[in-house]
Enquirer: 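Shown below is the structure under consideration.
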Amino acid sequence: MYAFDFERPSTLAEAEKALATEDAQALGGGQTLIPTLKQRLAMPSKLVSLGAIDEIKGVRKGDDGALCVGGGATHATVAREAAADYPALAALASHIGDPAVRNRGTIGGSIANNDPAACYPAAVLGSGATVVTNKREIAADDYFTGLFETALDEGEIITEVRFPIPEKANYQKFEQPASRFALVGVFVAKYADGVRVAVTGASEGGVFRWSEAEAALSGAFSADAVAGLALSADGMMSDLHGSAAYRAHLVGVMTRRAVESAG
Amino acid sequence: MPKDHEGIGASSKRREDVRFLTGAGNYTDDINVNGQAYVHFLRSDVAHGRLTKVDTSEAEGMPGVIRVFTGADFEGVGGLPCGWCVTDRHGQPMQEPAHPVLAQGKVRHVGDPIAAVVAETAEQARDAAEAIEVDIEDLPAVVDMKAALKDDATKVHDDLSSNLCYDWGFVEENREAVDKAINEAAHVTTLELKNQRLVANPMEPRVAVGDFNRATGEHTLYTTSQNPHVIRLLMGAFVLGIPEHKLRVVAPDVGGGFGSKIFHYAEEAFCTFAAKAVNRPVKWTSSRSEAFISDAHGRDHVTKIELALDKDNNFTAIRTETYANMGAYLSTFAPSVPTWLHGTLMAGNYKTPLIYVNVKAVFTNTVPVDAYRGAGRPEATFQLERVIDKAARELGVDPIALRRQNFVTEFPYATPVAVEYDTGDYNGTMDVLEKMADLSGFEARRKESEARGKLRGLGLNCYIEACGIAPSQLVGQLGARAGLYESATVRVNATGGIVVMTGSHSHGQGHETTFPQVIADMIGIDADMVEIEHGDTANTPMGMGTYGSRSIAVGGSAMVRAAEKVINKAKKIAAHLMEASEADIELKDGQFSVAGTDKSVAWGDVTLAAYVPHNYPLDEIEPGLEETAFYDPSNFTYPAGAYACEVEVDPETGKVEIKRFAAADDFGNIINPMIVDGQVHGGIGQGIGQALLENCVYDESGQILSASFMDYAMPRADDVPFYDVDHSSQTPCTHNPLGVKGCGEAGAIGSPPAVVNAVIDALHSGGHKVDHIDMPVSPARVWAAMNA
Ligand SMILES: Cc1cc2nc3c(=O)[nH]c(=O)nc-3n(C[C@H](O)[C@H](O)[C@H](O)COP(=O)(O)OP(=O)(O)OC[C@H]3O[C@@H](n4cnc5c(N)ncnc54)[C@H](O)[C@@H]3O)c2cc1C
């Protein structure tokens, strides 16, 4: 690690101020950022921990019925507190990493980082959620802009993610054998006005919506409806854990399984 | 009876676990010497290149920097020695390149140390290392072994004639006869396969602390080693020129080794050297990332094996051709692994009359490769048991029947590959397996899996290993530059307690529990009256350490010999005390008695007399009760076993799940069944890791792609099933006093072929005519094979 200053404000306003310093960076659960610092791959001038800001740590039901998850809510909190209202989201959170990771890592950190193999981006995009920051509201469809890229500005803080609650949903994760992130993860959510299918782990462009599957499932929400669909391997990632063709194939399998398991 | 005092055969709980599980262990990184400085190694980030500039001037002026070292500082110092010289097919010694402590002139693999900064803190050392200016003129990276042997290949070592370390033929005189037998065979099964490169990844990364005492001129090295005496000898004699009496090597609690902590590493020599040069203790603690590019790797063989059978399915000949990756330099025992630890095991459990093994060892721009749990024997077992399975399928015969038909059944059995199996009962072990694994219920389980849309497969294999790595004269003839005996001192204290100082080293094997069980059994006292000391050259006799499943077979035997000497002397003392003839003295349950009388004295009375010799035969024997023995066995030991694995394959994703795993082993006599179970469990876990998960991969430019746990898949608890383990099939070793064979590597040797055989069987049951999938049998590879 390189030396850095550290602040741990207890309000959003203070955090905003602290982050105004050049090269200051927010610290969520540190599950991505701390290993990056240890490897000296990042050199922030200051870390601003969001861990003491109670106003962004909870899970609540919004006026419009959406499930609102604070940007600082840990995966363990979501696994516990979203279980009744949005079981598919809670299940996804409960399978991220191990207990230590889940007790530290936060949804804000996960979607700010936007690892192409992370789980949460699939839920956020698959639910058509809204990412709320200290400055604005960003629709999921506009938020994820590429590998490790998002619509966030420098110093912008994710304060909440608002998930419209679907009729049925499910997340299927096929684990990369080493990291156990998603080699391919598919989030399927059925809403009154249609079905959304979001895929993580597979594409060179990061999380994406599989529109053919969405169209087929919006017609008939059954595994058969997507049985014949095949995703092209073009643009899929290829590495030592799986070829592009394998990933494309898995997207089909995981989509079918998600539909079968949706509840 | 033994249970009373936790003797041989008792499943005593591991006494060392109390300190390990309560955080009271004393690992090398726990050792901090007053005034200690820290070293950070600047390592090459390219695979191959010429060092055109190493400018340390800026780094030297950085805060906290004590001194910056480069290869030039080590020009007058020896290189890291290789402990084994292999002679090639033509009678020539292998090519042996220099292995400098810090790179000189060239870097040869990602991770090769270029410079080292010693500073007040580890962070300051790292800061300064980043300020060293290095220019490297890139050279083409040599990665693929076959390409490395082409005439126009770039040479890893400019001063060698090629990238070939040796071309070894074994037994060379058999070559023509084997060729002939294969040409004339009724059936020949051929298989080409890879035994992939692995990273040992013990839980504790390596650490070294060098200390120099100016007043006495003594060096001390604290290090994570499986064999401190070997490090003292190699580093003292070959690298730094320090005589043994001025060099102490301490390997305290060591958190796993699996082979990777046998070898003498540059960092050990550096810390010892630098401590004197800067007159400060110098400490290095490897990061996990550093471990991936500086610990010796394992395996990495590419093999073609041919098995010839006659019309009655008797094995008539085996021919193999293997390319063995040495990496960029020869690690301490690297040359022996693909040769003497591999070729000598090619007979397996079978009476194949003709065998020829060819091994080409190759230098590449990768991390050096050396022994890793099993060392050569897993590679031999894997190819043999895979090719037998393939032959059974080609011939349409039952794979168990084919194996049984070809088993060695008479002992001793001299193989055509230079070793003699002293004892074994391969049919008996297979009987145990068949029952334990409930093979008769397999078809029903397969149907049940199929009903759930899964393909179920059953895989079997046998293994034999040569362990208790020893006879010094034999290994000397084979090129070892060290003896391979073991040693022990049994020190009896005045009030009867015992300390055993062993040259073996425990880094997870449980010596502190099992060794006392043996002594307790011999004397008839409680095991907790016996303490084991190991790991410090200052207070243990010269021993060769722990690897090759040798501790109980060789180290335990040395201890028995020393304890026998102690008992013999104690009997003399007892005879004197009871005014009886020595020949009439019996020792049982800690009491010396005179045969045919009710006279007895207790163990403690005799030990006290030895140290308070008021009433003592001083004219016949010396006071005191302490004896040392060195034990050099007459042969290897030959544990053997039969393993069965059942897997389910998800035909949609290719994912393999292990449903059942049964291991029937013959380890001869067993000291602590629970510890043996644990060793087998761990070994199978590692074997499953190799079979399904682990893979160290380099790209064409010599960059390592699996350089962290994000990409290098270690086995985890939910990757392995509950094992069925049985070691009731016992044919005691005929040539060591305990009749023991060793169990540390068996699981890792015996399990990979069982898993792969099971996967292939599952795929065939689903109509996929797949002959082979290279390890790791990952979901992606299984899917690709099914959809080829
Ligand atoms: C062993 C292990 C296993 C894992 N397995 C999985 C897995 O299976 N699936 C998965 O999806 N993930 C996995 N992760 C990643 C984990 O989910 C991380 O918690 C997550 O990626 C980052 O969250 P964090 O709160 O720790 O963020 P940090 O590491 O603290 O920060 C990450 C980035 O986000 C920024 N940031 C943090 N909070 C905010 C905020 N509120 N607003 C704006 N920017 C912010 C930081 O500045 C930084 O750039 C794993 C991690 C580990 C260590």
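All values below were derived from every heavy atom in this structure, side-chain atoms included, with hydrogens, water molecules and symmetry-related copies excluded.
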Enquirer: So, the side chain of B:Gln124 versus the backbone of B:Thr121: is there a donor-acceptor pair under 3.5 Å, distance only?
Expert: yes

Enquirer: Does any heavy atom of chain A fall under 4.5 Å from the side chain of B:Glu130, the backbone, both, or neither of them?
Expert: side chain

Enquirer: For chain B, find which of A:Arg247, A:Arg180, A:Gln176 contributes the most heavy-atom pairs closer than 4.5 angstrom.
Expert: A:Arg180

Enquirer: Could you check which of B:Pro779, B:Ser708, B:Ser706, B:Gly654 has the highest count of heavy-atom pairs closer than 4.5 Å to chain A?
Expert: B:Pro779

Enquirer: Any side-chain heavy-atom pair from B:Phe292 and B:Tyr712 closer than 4.5 angstrom?
Expert: yes

Enquirer: Please tell me if the side chains of A:Pro121 and A:Pro116 come closer than 4.5 Å, counting only heavy atoms from C-beta onward.
Expert: no

Enquirer: Please say whether the positively charged group of B:Arg299, taken as NZ for Lys or CZ for Arg, lies over the ring of B:Tyr372, i.e. under 6.0 angstrom from the six-membered ring centre and within 45 degrees of the axis.
Expert: no

Enquirer: Below 4.5 Å, heavy-atom pairs only: which of A:His241, A:Gln39, A:Arg256 has the largest tally toward chain B?
Expert: A:His241

Enquirer: Using non-hydrogen atoms only, which part of B:Asp699 is less than 4.5 Å away from chain A: side chain, backbone, both, or neither?
Expert: neither

Enquirer: Classify the side-chain pair B:Asp774/B:His772 by whether it contains a donor and acceptor separated by less than 3.5 Å.
Expert: yes

Enquirer: Counting N and O atoms only, with roles assigned by atom type, does the side chain of A:Lys46 sit under 3.5 Å from a partner on the main chain of A:Ala18, one being a donor and the other an acceptor?
Expert: yes

Enquirer: Is A:Thr145 reaching over with its side chain to a backbone N or O of A:Glu149, donor-acceptor style, under 3.5 angstrom?
Expert: yes

Enquirer: Taking heavy atoms only and a threshold strictly under 4.5 Å, list by residue number the residues of residues 196-209 of chain A that touch chain B; give 'none' if the list is empty.
Expert: none

Enquirer: Which residues from residues 780-788 of chain B are near chain A, with near meaning under 4.5 Å between non-hydrogen atoms?
Expert: B:Ala780, B:Trp783

Enquirer: Just by distance, do the side chain of A:Ser218 and the backbone of A:Val195 share a donor-acceptor pair under 3.5 Å?
Expert: yes

Enquirer: For the backbone of B:Asp45 and the side chain of B:Gln703, can you confirm whether one donor and one acceptor N or O come within less than 3.5 Å of each other?
Expert: yes

Enquirer: Just by modelled atom types, is the A:Ser243 backbone N or O under 3.5 Å from a matching donor or acceptor in the A:Ser238 side chain?
Expert: no

Enquirer: Do B:Arg373 and B:Gln686 pair up side chain to side chain, a donor and an acceptor below 3.5 Å, judged on atom types alone?
Expert: yes

Enquirer: Relative to chain A, which of B:Leu705, B:Asp711, B:Val697 shows the most heavy atom pairs under 4.5 Å?
Expert: B:Asp711

Enquirer: Within the 4.5 Å heavy-atom criterion, are A:Tyr171 and A:Tyr120 side-chain neighbours or not?
Expert: no

Enquirer: Measuring heavy-atom distances to chain B, does A:Tyr246 have an atom under 4.5 Å in its side chain, in its backbone, in both, or in neither?
Expert: both

Enquirer: Is it the side chain or the backbone of B:Thr653 that comes within 4.5 Å of chain A heavy atoms, both, or neither?
Expert: both

Enquirer: Please determine, among A:Met1, A:Met254, A:Arg40, the option with the most heavy-atom pairs under 4.5 Å with chain B.
Expert: A:Arg40

Enquirer: State whether B:Lys655 and B:Asp719 are salt-bridged, where the test is any N-O pair (Lys NZ or Arg NE/NH1/NH2 against Asp/Glu carboxylate O) under 4.0 Å.
Expert: no

Enquirer: Between A:Asn170 and A:Gln172, is there a side-chain donor-acceptor contact under 3.5 Å, judged purely by atom types and distance?
Expert: yes

Enquirer: Side chain, backbone, both or neither: which part of B:Met710 has a non-hydrogen atom closer than 4.5 Å to chain A?
Expert: both

